[in-house]
Undergrad: 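Handing you this structure, nothing more for now.
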2 protein chains.
Amino acid sequence: MQNSEALVLAAALLAAAGDLTQRINDGVVARGFEVRPAHGFAFTRLAPDGATVTELAAHLGVTKQAASQLVDEIVRKGYAERRPHPGDARARLVVLTERGWACTRAAEEAAAEAVRVWVELIGEGEVRALRDQLVRIAPYGPIRPAW
Amino acid sequence: MQNSEALVLAAALLAAAGDLTQRINDGVVARGFEVRPAHGFAFTRLAPDGATVTELAAHLGVTKQAASQLVDEIVRKGYAERRPHPGDARARLVVLTERGWACTRAAEEAAAEAVRVWVELIGEGEVRALRDQLVRIAPYGPIRPAW
DNA sequence: ACCACATAGTCAAGCTACTTGACCACTTGC
DNA sequence: GCAAGTGGTCAAGTAGCTTGACTATGTGGT
């Protein structure tokens with residue numbers, strides 16, 4: 001593969017990721033939730049059983065101060081709440097509220113809607129293949145803004 | 001495709017894009033250029049024949065003031081220069097210097113190096129297929145940070 | 001049992017890459 | 001040839017991050 005082709009791949013990947021992210025966020029906002037994209041990726045970490053601020057910081061690839069500010073924001077907006085951590089009095093467990101769960105479901109709907117456009121473009125099988133390949137090459141590292 | 005699968009696709013896409021962007025930028029920095037990722041995407045627009053600040057702003061999806069500041073920076077660092085625009089005395093044509101071209105070539109090398117890792121993971125044919133599919137679904141809109 | 005050290009979290013201040021608003025120079029179209 | 005539009009910059013404000021400092025709690029060695 002030529003060098004210049006690699007840059008084309010990078011540009012297309014960035015464009016697709018940016019487009020998808022924006023479509024999902026727009027869809028969530030249209031459903032009545034006041035959020036930005038970073039919140040969504042925080043929610044996916046909080047979703048199963050909650051998480052501490054430090055765990056969230058690692059997931060998002062930011063400092064724990066930044067993660068703490070983000071938690072302040074989603075708590076203030078009613079999507080999550082801080083609870084005492086069972087088994088560690090220093091830590092606090094951040095868990096989603098019912099509204100937080102509703103927002104998560106809205107994000108899934110919006111994502112499905114955005115992907116549907118792609119399915120119409122290249123077909124469901126191709127989208128699945130795309131996803132499978134991406135899952136194989138995507139590192140399980142922090143979810144970060146692309147730049 | 002279930003709703004939750006769409007979010008998995010989005011997360012994988014974001015992770016892959018973020019990872020690739022960072023690898024490319026690290027590679028360019030390692031080759032002795034002091035840049036950030038947004039510069040690279042500016043370069044790809046400037047590369048053929050130069051561009052005006054307004055065109056660059058549209059390409060990057062930011063205000064023309066922001067684009068102007070970015071041009072200030074890459075001019076100060078010696079990667080580009082402002083020239084009078086032939087045929088429009090209001091505009092100025094921003095063109096790459098020789099160092100700017102060298103940086104672009106370094107980005108291509110770094111991108112190829114990063115993609116090589118993927119080729120080893122899933123094979124060259126799959127990477128090509130990935131690129132082709134992405135090119136088909138990626139809108140030709142602005143290149144933006146993923147969030 | 002104690003004390004040094006590590007870790008969870010927050011407060012405060014600062015920075016950077018953006019934004020909005022105002023403005024001038026030049027161009028375009030009626 | 002003047003009104004409206006466009007290219008570019010200057011200035012000020014802002015959002016979301018950073019680094020630094022600190023308290024409270026947990027951990028491990030002697």
Side-chain angles (χ1 to χ4, degrees), chain A residues 14 18 21-22 25 29 34-43 45-46 49-77 79-95 142-147, chain B residues 14 18 21-22 25 29 34-43 45-46 49-77 79-95 142-147:
Chain A
L14 257 297
T21 302
Q22 187 165 347
N25 198 62
V29 170
E34 190 197 353
V35 289
R36 46 196 181 89
H39 296 153
F41 293 98
F43 285 12
R45 182 63 184 81
L46 299 179
D49 304 298
T52 65
V53 165
T54 298
E55 288 165 350
L56 195 55
H59 179 68
L60 296 175
V62 297
T63 60
K64 55 186 182 174
Q65 292 92 324
S68 187
Q69 285 177 14
L70 191 139
V71 170
D72 285 346
E73 192 179 342
I74 62 179
V75 164
R76 180 165 38 79
K77 290 179 179 168
Y79 300 119
E81 54 187 29
R82 287 183 165 96
R83 293 193 181 161
H85 193 290
D88 190 339
R90 293 171 303 177
R92 314 175 70 174
L93 196 62
V94 182
V95 297
I143 301 288
R144 300 228 42 175
W147 78 71
Chain B
L14 256 298
T21 302
Q22 186 164 348
N25 198 62
V29 169
E34 190 197 353
V35 290
R36 44 195 183 87
H39 296 154
F41 293 98
F43 285 12
R45 182 64 184 83
L46 299 178
D49 304 298
T52 65
V53 164
T54 299
E55 288 165 349
L56 194 56
H59 178 69
L60 296 175
V62 297
T63 60
K64 55 186 181 174
Q65 292 91 324
S68 187
Q69 285 178 15
L70 191 139
V71 169
D72 285 346
E73 192 180 341
I74 62 179
V75 165
R76 181 164 38 79
K77 289 179 178 167
Y79 299 119
E81 53 186 29
R82 289 183 164 95
R83 293 192 182 163
H85 192 291
D88 191 339
R90 293 170 304 177
R92 314 174 72 172
L93 195 62
V94 182
V95 297
I143 301 287
R144 300 228 40 172
W147 76 71

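The chains referred to below are lettered A, B, ... by the order of the sequence lines, with proteins before strands, and numbering in each begins at 1.
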Undergrad: Return the value, rounded to whole Å, for the distance between atom NE2 of A:His39 and atom C1' of D:dA15.
TA: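 Atom-to-atom, A:His39 to D:dA15, this comes out as 11 Å.
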Undergrad: I'd like a table of donor-acceptor pairs (distance under 3.5 Å, sequence neighbours excluded) in which one partner is a side-chain atom from residues 49-60 of chain B, with atom names and distances.
TA:
residue : atom : partner : partner atom : Å
B:Thr52 : OG1  : B:Glu55 : N            : 3.1
B:Glu55 : OE1  : B:Thr52 : N            : 2.9
B:His59 : NE2  : B:Phe41 : O            : 3.2

Undergrad: What are the two closest non-hydrogen atoms of B:Glu73 and B:His39, and how far apart are they?
TA: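 Shortest heavy-atom contact: OE2-CE1, 3.3 Å.
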Undergrad: Take atom NZ of A:Lys77 and atom C1' of D:dA15, then tell me their distance rounded to the nearest Å.
TA: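 These atoms are roughly 11 Å apart.
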Undergrad: For A:Val62 and A:Ala67, which heavy atoms make the closest approach, and how far apart are they?
TA: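 The pair with the smallest heavy-atom distance is CG2-N, 4.0 Å.
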Undergrad: Side-chain N or O of A:Arg36 versus OP1/OP2 of D:dC17: is the shortest distance under 4.0 Å?
TA: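 Result: yes.
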Undergrad: Specify the separation, in whole Å, of atom CG of A:Leu93 and atom C1' of C:dT7.
TA: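 After rounding, the reported distance stands at 17 Å.
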Undergrad: How does each nucleotide of nucleotides 24-30 of chain C score, in 5' to 3' order, for protein heavy atoms under 4.0 Å: base (B), sugar-phosphate only (S), or none (-)?
TA: -BBS---
Undergrad: Search all heavy atoms of A:Arg82 against all heavy atoms of A:Val94 and return the closest pair with its distance.
TA: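 Answer, listing the atom of A:Arg82 first, then A:Val94: CG-CG2, 4.3 Å.
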Undergrad: Side chain of B:Arg92, heavy atoms from C-beta onward: which of D:dG8, D:dC17, C:dC18 has the nearest atom to it?
TA: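 Closest nucleotide among those given: D:dG8.
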Undergrad: Compare every heavy atom of B:Arg36 with every heavy atom of B:Asn25, then report the nearest pair and how far apart it is.
TA: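 Here B:Asn25 and B:Arg36 meet closest at OD1-C, 3.4 Å.
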Undergrad: In whole angstrom, give the distance that lies between atom CD of B:Glu55 and atom P of D:dG7.
TA: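 Checked: the CD to P distance equals 8 Å.
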Undergrad: Are B:Thr54 and D:dT6 close enough that a side-chain N or O sits under 4.0 Å from OP1 or OP2?
TA: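 Answer is no, no contact under 4.0 Å.
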Undergrad: Whole angstrom is fine here: how far is it from CZ in B:Arg76 over to P in C:dA17?
TA: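 Spelled out: CZ on B:Arg76 to P on C:dA17 is 10 Å.
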Undergrad: If you fit an axis to the five pairs at each end of the helix from C:dA1-D:dT30 to C:dC30-D:dG1, how big is the angle between those two axes, to 10 degrees?
TA: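 Comparing the axis at each end, I get an angle of 30°.
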Undergrad: List for me each residue that meets side chain to side chain contact (heavy atoms under 4.5 Å, CB included) alongside B:Gln69, sequence neighbours excluded, and say none if there are none.
TA: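 Scan of B:Gln69 (side chain to side chain contact (heavy atoms under 4.5 Å, CB included), adjacent residues dropped) gives none.
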Undergrad: Carefully, step by step, assess B:Tyr79 and B:Leu46 under the rule side-chain contact (heavy atoms from CB on, under 4.5 Å).
TA: CA-CA 11 Å; B:Tyr79 299 119; B:Leu46 299 178; over 6 Å; no
Undergrad: Near DNA chain D, under 4.0 Å by heavy atom, which residues of residues 63-73 of chain A?
TA: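 When residues 63-73 of chain A is checked for heavy atoms under 4.0 Å from DNA chain D, the hits, listed by number, are A:Thr63, A:Gln65, A:Ala66, A:Gln69.
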Undergrad: Looking at CZ of A:Phe43 and CD1 of A:Ile74, how far apart are the two atoms once the value is rounded to the nearest 0.5 Å?
TA: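 A:Phe43 CZ to A:Ile74 CD1: 5.0 Å, rounded to 0.5 Å.
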Undergrad: Just the atom pairs and distances: protein N or O near nucleotides 3-5 of chain C's N or O, under 3.5 Å.
TA:
none

Undergrad: If you measure from CD on B:Gln65 to CG on B:Leu70, what distance do you get to the nearest 0.5 Å?
TA: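 Here the rounded value is 13.5 Å.
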